[in-house]
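Worksheet: one structure, shown below.
Quick note on labels: first sequence line is chain A, next is B, and so on, each numbered from 1. Every heavy atom of this structure was used, including side-chain atoms; hydrogens, water molecules and symmetry mates were not.
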There are 4 protein chains.
Amino acid sequence: MARITAATREKVRKQLLETAAEHFAERGLAGAQVDGIAVAAGFAKGTVYNYFASKEALFAEVITEGCRAAVQRYAASRHEGSVRECLRALAAADVAVMSEQESFMKVVVREAMSFDPRTYPLIVEHLGPYLEQVQQILTRGVAAGDVRDDRPVSQLTLAFVGVLALLYVQHWGSGGAWPALDEVPDLAVTLFLDGAAARGRPRSMGKKTP
Amino acid sequence: MARITAATREKVRKQLLETAAEHFAERGLAGAQVDGIAVAAGFAKGTVYNYFASKEALFAEVITEGCRAAVQRYAASRHEGSVRECLRALAAADVAVMSEQESFMKVVVREAMSFDPRTYPLIVEHLGPYLEQVQQILTRGVAAGDVRDDRPVSQLTLAFVGVLALLYVQHWGSGGAWPALDEVPDLAVTLFLDGAAARGRPRSMGKKTP
Amino acid sequence: MARITAATREKVRKQLLETAAEHFAERGLAGAQVDGIAVAAGFAKGTVYNYFASKEALFAEVITEGCRAAVQRYAASRHEGSVRECLRALAAADVAVMSEQESFMKVVVREAMSFDPRTYPLIVEHLGPYLEQVQQILTRGVAAGDVRDDRPVSQLTLAFVGVLALLYVQHWGSGGAWPALDEVPDLAVTLFLDGAAARGRPRSMGKKTP
Amino acid sequence: MARITAATREKVRKQLLETAAEHFAERGLAGAQVDGIAVAAGFAKGTVYNYFASKEALFAEVITEGCRAAVQRYAASRHEGSVRECLRALAAADVAVMSEQESFMKVVVREAMSFDPRTYPLIVEHLGPYLEQVQQILTRGVAAGDVRDDRPVSQLTLAFVGVLALLYVQHWGSGGAWPALDEVPDLAVTLFLDGAAARGRPRSMGKKTP
DNA sequence: CATGAATGAGAATTCATTCAT
DNA sequence: AATGAATGAATTCTCATTCAT
C-alpha cells in the first residue's frame, strides 16, 4: 500500500487527528488509549505510529491542529462596527469553528484547565492571536467610551474569552440543552458587556429607594 | 494489637485525602498514581487500601470532601441585603473555602469540565446546594427588579457560578498573578451584574450618535 | 508480601540475575525476553521491574555481578612461584569461577565480542583488575628471563587472556567435548607459553635436516 | 515491465548484503532491523523482501557469502614450504579476506560465539574447508617433527584458528590500535607455534637452576 | 521491481490491587 | 494497621512482513 498520494496521506492523518480529538476530549490524555483511537478511526494500532511519534506527540498535534483552524477563522472575521458588533462577529466565528471541530475545542478547553506544563504552553501559544484580536477590539472600545476604563484591557480580554469558554462548557455539560450553540454569540456579548443587572436602572450598591 | 485511636485514624485519612487532592488536581483521575499519592503522603501504597476501597473510591471521596466544607461555608454566609451584597457574601465564602482547600477545588473545577459519566454526577450532586442558594438570591433579585428578567433565573445562576470558576481558572493559570484571590468576590459580582460596558451610558446596539 | 528480610530480597535478586545471565548468554541482550527470564526464575514479569529498572539495567547488572565474583577469585589466587605456576593458578581461579557462574562468563565473553558501546565499557572496566594481575606476573617473568622480551608485556597480557577465552569458547562450542574445564588451566599455560612447535627442536624455518 | 538486467539485480543484492553485514556485525541478528538495513543501503524496506525471503534468510546469506570468498582465498593460498610458511600464507590469505569484507568476518566471529542453534551450524559448515586445510598442514608438520605430537592435530587446528580469531577481536576491540591487520599473520604464527616463553631457553616447569 | 503504508503479533513497561509478614 | 513484594491485566510501542500502487 505504498505510493499513496500526499492527499491520501493527509486524509488519513486528518482522520486520525479527528478521532484522537474525540477520545482526548472524552477521556483526557492519560485516559485515552492509542489502540482505541486507531480502531475507532478504522486503522490498526501501528498506523498511528506511522503518523505520530507517540501518544503525547499525537495529543500535541491535536491541540495544534485544533487551534490552527480557529485562528484562521478569527482572522477572517470582520473588524468593523461597534465593539458590540465586533465581539459578536468574533464570537460567531468562534462558534462556527466549534460546530466544525467540537472535539478539538473540547480538548483545548479541557486542557486549558489542567495547567499541565506539557500542554499548557501549547495552548497559550495558540490562543495568543485570538486574545490579541479581542484586545484590539476592546482597546478601541475604551477609546470610544463604550467600554469601561476602570479595568485593564488585558483583564477584560481574559474575561471575554473566559465567558465564551464558560458557555461552551455549559453547553457540553447540559448535553446541548442550554445554551444552544447559535445562542452563544449573543449570550456571550450580553453577559460580557451588560451583565445581569436589570436594564435601565442604576447599578446601585444598596437598597432600592422608594 | 496496634489498635490506633479513632483520632489517629482520622488524621491519616485526612492526610491521604489532602495529598490525593493535590495529585488529582495536577494530573486527573487517570493520570494520578496510587503509589505516588501514598508516598507523597508519607505512607506506603498498601495503607491507601486500608482507608479507601480503590483509586476511584478515593477520588470520589476527594470530591465529596471538597464539596462538604464548601457547602457548610455557603450555608453560613449571610442571606440578607441586596442581591449584590448577597452574591458578594457567597463569593467571599467560596473564596475562603478556596484558600483553605485549593487542591480540592481544583479537582472539582477540573473534573467539572471533563463530563466523565463516572465523576460528573458526583459533582452535580455536590454542587446542587450551592446552586440552589445562588438561585434563591437571584430569584429575589428579579422580584426586586434588580436583576434582569429576560433570562431564566436558572441560566443566570449557571452564569454566576461559571464566572466564579472562570476567575479561579485565570488565577491558577496566571500563577496567581491575576486575579488575586481577594479580588475575586468583587470581580465576580461586578463582572456578573454590570458587565464590561461603560457605565452611565445607554447600552446601545449601534453606532455612537454624534 | 511485604517486610521480607534483606536476605530474602537479596536471594530473589540473585535468582533473577542468575536466570537472566542464562538467557542473555543464550540469546544476547536483544534476543532475551524479560517475561521469559521472569517466568524461568519463578516470578511474574512485574517482579523483575521491582528489582531492575529495565531490561538493559538488568543486563548491565549481570555483567557487573558476573565480573565481581571473578575479580574476587583472582585476587585470592596465589602470586608466588614461577611465571608458569602463577599463570596456572590464575587460570585455575578463572576456571573455578567459570564452573560456578558459567552463564555470567558466557555473557561477558559474548558481549566482549560485540563491542557494543553500551556494554563494552562495562566489560573493560570490570576486566581491568584481572588484566593487571596477569600483567604483573608477566612483567616479573620478563625480568626473570622466562618470558620473551621482544613483545610489549601489554600485548602478551591480552594474548593470555584471549587464549583463556578462546578455550572457553571451544569448550562451549563443542558442547563440553574439548577442552574439558579441568584441562583448561594447563592447556592455556602450555599454549600460551610453549606454543605448538615441537619441543627440543630448533624452530626451523625450513625442512628438517637429516 | 521494469525488467532489470541480471547485472543490476546482482548489484542491488550485493549492496543489500554488504549493508546487512555491517548491521548484523554491529547489533547481531535480533538487534538489527530490516528497515535500518534497507534505508542504509539506499532502498526501501520492501526491496529487501524482493531479494531475500526473510530477515533470517538474509542473515544466512550474509554468513554464506562471507564464507564463500574466504574459502576461495584459502584454496588459492600456497601449500608448499615449511609448516610455518604454510600457516603464515593461510593467515595472510585470511587477513586479505578480512580487509575486503570486515563486516562479514565480524558477523561470523560474533555469531561463532553465540552458539545459536539456528546460526551455529551454518558457521561450522562454512568453516569446514578452512579447518581442513589447517589440519592438513599441521598433520604434515607432525610427520616432519616440526609440530608437537603430544596433542591431537584436531585440537591444534582449533587452537590456530582460535588464535587468529582472537587477534581479530583484539584488533576490533582496540579500535585498530593493536594488532594492526598486517601484523596479524606473523603474530598468529609466532603465538601459535612458539608461545610466549623466552626463546633459546629450556621451557622448564620450575625454577631456574644455576 | 521498488515503494512505503498498513498491519498485528509480540515485547517492554506500568500500575492498581492483593496479601503475607 | 502498616508495609511493600508479588502479581498480571492493560497499555504503549516496535518491527517483520504483506501487498496495493
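- For the pair C:R110 (side chain) and C:E26 (backbone), a donor-acceptor distance under 3.5 Å is present.
- One interatomic measurement links the two molecules: CD of C:E10 to C1' of F:dA5, which rounds to 15 Å at whole-angstrom precision.
- Here the side chain of C:K55 pairs a donor or acceptor atom with the backbone of C:L29 at under 3.5 angstrom.
- For the side chain to side chain contact (heavy atoms under 4.5 Å, CB included) criterion with B:K45, the lone passing option out of B:D35, B:V39, B:I37 is B:D35.
- Between C:L58 atom CG and E:dA12 atom P there is a gap of 11 Å when expressed in whole angstrom units.
- Separating the CG atom of D:D35 from the P atom of E:dA2 is a distance of 16 Å, rounded to the nearest angstrom.
- Phosphate contact (OP1/OP2 of F:dA5, side-chain N/O of C:T47, threshold under 4.0 Å): absent.
- A straight line from CD of C:Q33 to C1' of F:dC15 spans 14 Å, rounded to a whole angstrom.
- Residue-level contact check: A:A30 touches neither bases nor backbone, having no heavy atom under 4.0 Å from any strand.
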Where do A:E18 and A:F104 land on the side chain to side chain contact (heavy atoms under 4.5 Å, CB included) test, with the steps shown first? CA-CA 8 Å; A:E18 174 68 40; A:F104 289 88; 3.5 Å; yes
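- Residue C:Y51 is classed as a sugar-phosphate contact, given heavy-atom separations below 4.0 Å to backbone atoms only.
- Take the nearest nucleotide of DNA chain F for A:E56 and for C:F43: the residue whose nucleotide is more 5' is C:F43.
- Summarising the geometry, the separation between CZ on A:F52 and C1' on E:dA5 is reported as 14 Å, rounded to the nearest angstrom.
- Pair assignment for F:dT11: E:dA12, on the basis of Watson-Crick or G-U wobble contacts that are both within less than 3.5 Å.
- Nearer to the 5' terminus of DNA chain E, by closest-nucleotide assignment, is the contact made by D:G46 (compared with the other of A:G42 and D:G46).
- A distance-only check finds no donor-acceptor pair linking the side chain of C:R13 to the backbone of C:F52 [under 3.5 Å].
- A:K45 comes within 4.0 angstrom of a nucleotide base, judged by non-hydrogen atoms across all strands.
- In this structure, C:G36 and D:A44 both approach DNA chain E, and ranking their closest nucleotides by distance from the 5' end singles out D:A44.
- Whole-Å rounding puts the A:Y49 OH to E:dA9 P distance at 17 Å.
- Taking every side-chain heavy atom of A:N50 into account, E:dA6 is the closest of F:dA1, E:dA6, E:dA12.
- Between the NZ atom of B:K55 and the P atom of E:dT14 there is a distance of 15 Å, given to the nearest Å.
- Following rounding to the nearest Å, C:R9 (CZ) and F:dT3 (P) show an atom-to-atom distance of 16 Å.
- Contact detail for A:A112 and A:Y120: the closest heavy-atom pair is O-CE1, 3.3 Å.
- Backbone-only engagement by C:A32 is indicated by non-hydrogen atom pairs under 4.0 Å involving sugar-phosphate atoms exclusively.
- Within the 4.0 angstrom heavy-atom criterion, only backbone atoms of the sugar-phosphate kind lie near B:S54; the bases stay farther away.
- The side chain of C:I4 sits closest to F:dA5 out of E:dT7, F:dA5, F:dA16.
- In this entry E:dT21 has F:dA2 as its Watson-Crick or G-U wobble partner, both defining distances falling under 3.5 Å.
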